[in-house]
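Written out below as structure tokens is the structure these notes cover.
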Amino acid sequence: PTVNTLAKHTKANRDFFATGQAPARATWIDWIKRGVVQGAVIDNMPFVDLNWFAANKVMAAPEVNSDYDQALELLTG
């Protein structure tokens, strides 16, 4: 079984980004909520799955599949 290694976003920032280049807390929250990065937001604090983050080189939001989502994307750009 795969074990998620959740840690505060500040640990991910220290482990994976150069000083001054790390994403803000709000960015991590946005990425987690949109499914760009695996993790959890608990009491407005982002926790990142460090194993998943280390193993993935390309991060992108899940593709839009529903007709509703596609129409919304066209309307909002």
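Atoms OG1 and CG, from Thr5 and Asn51 in turn, are 3.5 Å apart once rounded to the nearest 0.5 Å. Taken to the nearest 0.5 Å, the CZ atom of Phe47 stands 9.5 Å off from the NE2 atom of His9.
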Can you give each donor-acceptor pair under 3.5 Å made by side-chain atoms of residues 25-32, sequence neighbours left out, with the distance rounded to 0.1 Å?
| residue | atom | partner | partner atom | Å |
| --- | --- | --- | --- | --- |
| Trp28 | NE1 | Asn13 | OD1 | 2.8 |
| Asp30 | OD1 | Arg34 | NE | 3.2 |
| Asp30 | OD2 | Arg34 | NE | 3.0 |
| Asp30 | OD2 | Arg34 | NH2 | 3.2 |

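The two atoms that bring Leu6 and Asp49 nearest to each other are CD2-N, 3.7 Å, heavy atoms only.
Lys11 pairs by the side chain to side chain donor-acceptor pair (under 3.5 Å) definition with Asp15, not counting sequence neighbours. Ala54 meets the side chain to side chain contact (heavy atoms under 4.5 Å, CB included) test with Phe16; sequence neighbours excluded.
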